[in-house]
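Written out below as structure tokens is the structure these notes cover.
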Amino acid sequence: MAPRLRFAPSPTGYFHVGGARTALYNWAFARQQGGTLILRIEDTDVERNKEEWVEGIYDAMRWVGLTWDELYRQSERMALYEAAAAQLEATGHAYWCDCTRGDIDARAKERGGPPGYDGHCRDRGLRAGDGRALRFRTPDDGVTVVHDIIRGDVEFPNATLDDPIIVRSNGTPIFVLANVVDDADMRITHVVRSEEHLPTTPKYILLWHALRAGGGAEGRPGELPVFAHCPVVVNEQRKKLSKRRDPVALELYRDEGYLPEVMVNYLALIGWSPPDGRERFTLEEMVRDFRLEDVGRSPGFFDVKKLRAFNGDAIRAMTVDDFVAAVEPFAVQLPWADQFDVDRFRTVAPLVQERVEVLSEAAPMVDFLFLDEPVVDEAAWAKAMGDEQAGAVLDAVATSWESIEWRADVIGEVTLAAGEPLGLSRKKAQAPVRVAITGRSVGPPLWESLELLGREPALARLRSARARL
RNA sequence: GGCCCCAUCGUCUAGUGGCCUAGGACACCACCCUCUCAAGGUGGCGGCACGGGUUCGAAUCCCGUUGGGGCUGCCA
């Protein structure tokens, strides 16, 4: 039987890299096995869900090329959860509870025991009503074992499980209930999700069996899925990524100019590596080589530096035309977009291509070729023009440019030569010129830039810089 | 507090009892190249958390300790 997987994000914030990695593992396994990938939006908590976050999930997944075969929204399936809850109540697996958080904490403190729910309402025979939530009755003894492809068998003593709420007092289901009901209904065979869900998995399994034992006519669970709890992606403090605190929204990376294929390549590497140990691979290669049992067990840090390095390599590997085409959407968003000229950019593109790591850096690197005046970096100016020889260098260079053939190699030759009578090293001679022309101390090769800029504009910038000294 | 997971260079990892004097990648450092910055080349720094076992032999297996993380929500 072909496997059926599901990726089940909740739209309570932007879509982050950890979610993307989980989606990727689900996707790779499903595609490899010729299985089905279901995208299930877990939006049962009306309080904190937002429609824009749902769109964010779709956009993000499309951006990295993770396609899904079936789409569901839990908010449209409430009847199913209600029926399951009713069944659990009817079979004695669930009971109504009117305890508030305060009640529970007070009792825990009073008896001096561990915090948590004590089963206070188990046998009170409460009926549904205002302020009452439905709890699932967990066994008092025995052990529930989770069979996990990545972690092996994990055992949980049932006595350590509190009776979880499965239906809120407002009638909406809690995620573990909706999860079990949907996984059963959708005939999910593999639950591939992040490690943080491992501790609640025994409740999932118990719920599953309770639903099956109930003997309801329809929607009865079949075979329990197998689990694969992937290690979480953590921040620098080694904590689970937080949507609020950590700048890890996938769209952030897209907007900065990371390539989607690099993104998935890097993401896959946090927790998995191909059998031959190579680090660069395509989605196709991953689909071929991916194995759930090869996924690691320890949490991984999302290292932007490595991502950047990979992205830089990928950018350099592009054809010039592809690179230019990829840069254009970023250029048109610039404040000076109206001055940007693709064809002009194309002539310096190879020079820019090997100097950027993200696409958004490309056009700004050569802004001086498009603007009437270079934007001057004051620190660079102070350093380059601080030398008492600076003015003399600018004058000498300007003179040398007057009548030469305006070609990069010639420009370079005469410019460097111009500094020699002044006793300046080559490095020193080019610095004031570079700042006068580009406004900065670093950038693409100067001679080529000058050739493209043109003699008159170049001389004008030299004069302008001279005047400012 | 209770339960659970995890533990190889700074980071991501390879390693599944001898091939390990522990390999790679990113980062970092040095040098070369060089009009700046990159790119590229060469070299370097750097790790099996600790303690007990098991074994002829342990990064690899077992136990403990320590450390980190997660869950313990009418969030997912």
Side-chain angles (χ1 to χ4, degrees), chain A residues 8-13 42-45 47-48 97 99-101 108 112-117 131-135 146 148 150-151 154-157 159-162 164-176 178-179 193-202 229 231-232 234 236-240 266 269-273 275-280 296-310 312-313 316 351-357 365 380 384 411-413 415-416 419 425-431 433-435 438 440-448:
Chain A
S10 68
T12 55
E42 307 227 324
D43 54 354
T44 56
D45 188 350
E47 300 290 305
R48 52 187 85 195
C97 168
C99 297
T100 63
R101 191 70 238 172
Y117 187 66
R132 291 177 182 175
L134 190 68
R135 284 188 188 270
V146 178
D148 192 289
I150 295 171
R151 286 156 214 285
V154 184
E155 299 183 352
F156 295 84
T160 65
L161 268 25
D162 284 349
I165 284 179
I166 53 177
V167 177
R168 298 182 182 88
S169 54
N170 70 4
T172 58
I174 286 295
F175 108 100
V176 65
N179 235 250
R193 48 165 26 169
S194 100
E195 186 189 9
E196 66 201 85
H197 294 290
L198 184 54
T200 59
T201 306
H229 287 98
V232 288
V234 299
E236 214 152 9
Q237 288 75 45
R238 297 254 121 208
K239 299 212 190 302
K240 191 175 79 168
Y266 176 68
L269 244 22
I270 307 178
W272 178 77
S273 62
D276 61 5
R278 74 191 188 288
E279 291 200 311
R280 318 304 177 102
R297 289 172 301 278
S298 40
F301 169 60
F302 183 77
D303 184 2
V304 184
K305 280 195 175 162
K306 185 157 180 172
L307 209 214
R308 279 186 71 92
F310 274 33
D313 283 349
R316 266 171 256 121
L351 269 25
V352 174
Q353 195 171 355
E354 68 177 31
R355 287 174 170 75
V356 296
E357 292 188 305
M365 179 173 282
I411 298 169
E413 195 57 39
T415 303
L416 291 176
S425 70
R426 305 196 136 210
K427 195 171 180 176
K428 281 204 141 184
Q430 63 89 36
V433 180
R434 180 178 293 278
V435 173
T438 72
R440 304 187 193 90
S441 55
V442 301
L446 235 202
W447 321 147
E448 283 79 358

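Computation of the quantities below employed the complete heavy-atom set of this structure, encompassing side-chain atoms and omitting hydrogens, waters and symmetry-equivalent molecules.
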Checking contacts here: which listed nucleotide ([options]) is nearest the side-chain heavy atoms of [X]?
| X | options | answer |
| --- | --- | --- |
| A:Thr200 | B:A7, B:C74, B:A76 | B:A76 |
| A:Asp162 | B:U36, B:U72, B:A76 | B:U72 |
| A:Leu198 | B:C74, B:C12, B:C5 | B:C5 |
| A:Arg238 | B:C26, B:C74, B:C12 | B:C12 |
| A:Asp45 | B:C74, B:C26, B:A76 | B:A76 |
| A:Ile270 | B:A76, B:C12, B:C6 | B:C12 |

Do the side-chain N or O atoms of [X] get closer than 4.0 angstrom to the phosphate oxygens (OP1, OP2) of [N]?
| X | N | answer |
| --- | --- | --- |
| A:Arg101 | B:C74 | yes |
| A:Lys240 | B:C71 | yes |
| A:Arg132 | B:C74 | no |
| A:Lys239 | B:G69 | yes |
| A:Arg280 | B:C12 | no |
| A:Arg168 | B:A76 | yes |

May I ask you to test the [X]-[Y] pair for a side-chain heavy-atom distance under 4.5 Å?
| X | Y | answer |
| --- | --- | --- |
| A:Gln430 | A:Trp447 | yes |
| A:Arg280 | A:Asp313 | yes |
| A:Tyr266 | A:Asp303 | yes |

Over all strands shown, is [X] touching base, sugar-phosphate only, or nothing at heavy-atom distances under 4.0 angstrom?
| X | value |
| --- | --- |
| A:Glu413 | nothing |
| A:Arg278 | nothing |
| A:Leu446 | base |

Rounded to whole angstroms, how far apart are [atom1] on [X] and [atom2] on [N]?
| X | N | atom1 | atom2 | answer |
| --- | --- | --- | --- | --- |
| A:Glu155 | B:G2 | CD | P | 19 Å |
| A:Arg297 | B:A59 | CZ | C1' | 13 Å |
| A:Gln430 | B:U36 | CD | P | 6 Å |
| A:Lys306 | B:G10 | NZ | C1' | 13 Å |
| A:Leu161 | B:G70 | CG | P | 20 Å |
| A:Glu196 | B:C4 | CD | C1' | 14 Å |
| A:Arg151 | B:C5 | CZ | P | 9 Å |
| A:Glu47 | B:C75 | CD | P | 8 Å |

Taking a pair as Watson-Crick or G-U wobble with both distances under 3.5 Å, which nucleotide is matched to [N]?
| N | answer |
| --- | --- |
| B:A49 | B:U65 |
| B:G73 | none |
| B:C20 | none |
| B:C26 | B:G10 |
| B:C33 | none |
| B:U60 | none |

Report yes or no: does [X] contribute a side-chain atom to a donor-acceptor pair with the main-chain N or O of [Y] at less than 3.5 Å?
| X | Y | result |
| --- | --- | --- |
| A:Thr172 | A:Arg168 | no |
| A:Ser273 | A:Leu269 | no |
| A:Arg297 | A:Pro231 | no |

Interatomic distance at [atom1], [N] relative to [M], whole Å:
| N | M | atom1 | result |
| --- | --- | --- | --- |
| B:C56 | B:G70 | P | 43 Å |
| B:C45 | B:G51 | C1' | 29 Å |
| B:G23 | B:G15 | P | 15 Å |
| B:C9 | B:C62 | C1' | 27 Å |
| B:C50 | B:U66 | C1' | 7 Å |
| B:A59 | B:G41 | C1' | 33 Å |
| B:C48 | B:U13 | C1' | 13 Å |
| B:C75 | B:C29 | C1' | 47 Å |

Base [N] to side chain [X], donor-acceptor N/O within 3.5 Å cut-off:
| X | N | result |
| --- | --- | --- |
| A:Arg434 | B:C35 | yes |
| A:Ser169 | B:C74 | yes |
| A:Glu279 | B:G24 | yes |
| A:Arg48 | B:C75 | no |
| A:Glu195 | B:C71 | no |

Response to the item:
Result for 5'-nearest mapping on RNA chain B, choosing between A:Asp313 and A:Lys305, is A:Lys305
Worksheet, complete the sentence: Of A:Ser273 and A:Phe175, the one whose closest nucleotide on RNA chain B sits nearer the 5' end is A:Ser273
Discussion item. As an exercise, state the distance from CZ of A:Arg132 to CD1 of A:Ile165, rounded to the nearest 0.5 Å.
Written reply: 13.5 Å
Worksheet item: How long is the span from the CZ atom in A:Arg308 to the CD atom in A:Glu357, to the nearest 0.5 Å?
Response: 4.5 Å
Worksheet item: Does the side-chain ring of A:Phe301 sit on the six-membered ring of the B:U11 base, less than 5.5 Å centre to centre and under 30° in tilt?
Response: no
Worksheet entry | Parallel, tilted or perpendicular: ring planes of A:His197 versus A:Phe175, cut at 30 and 60 degrees | tilted
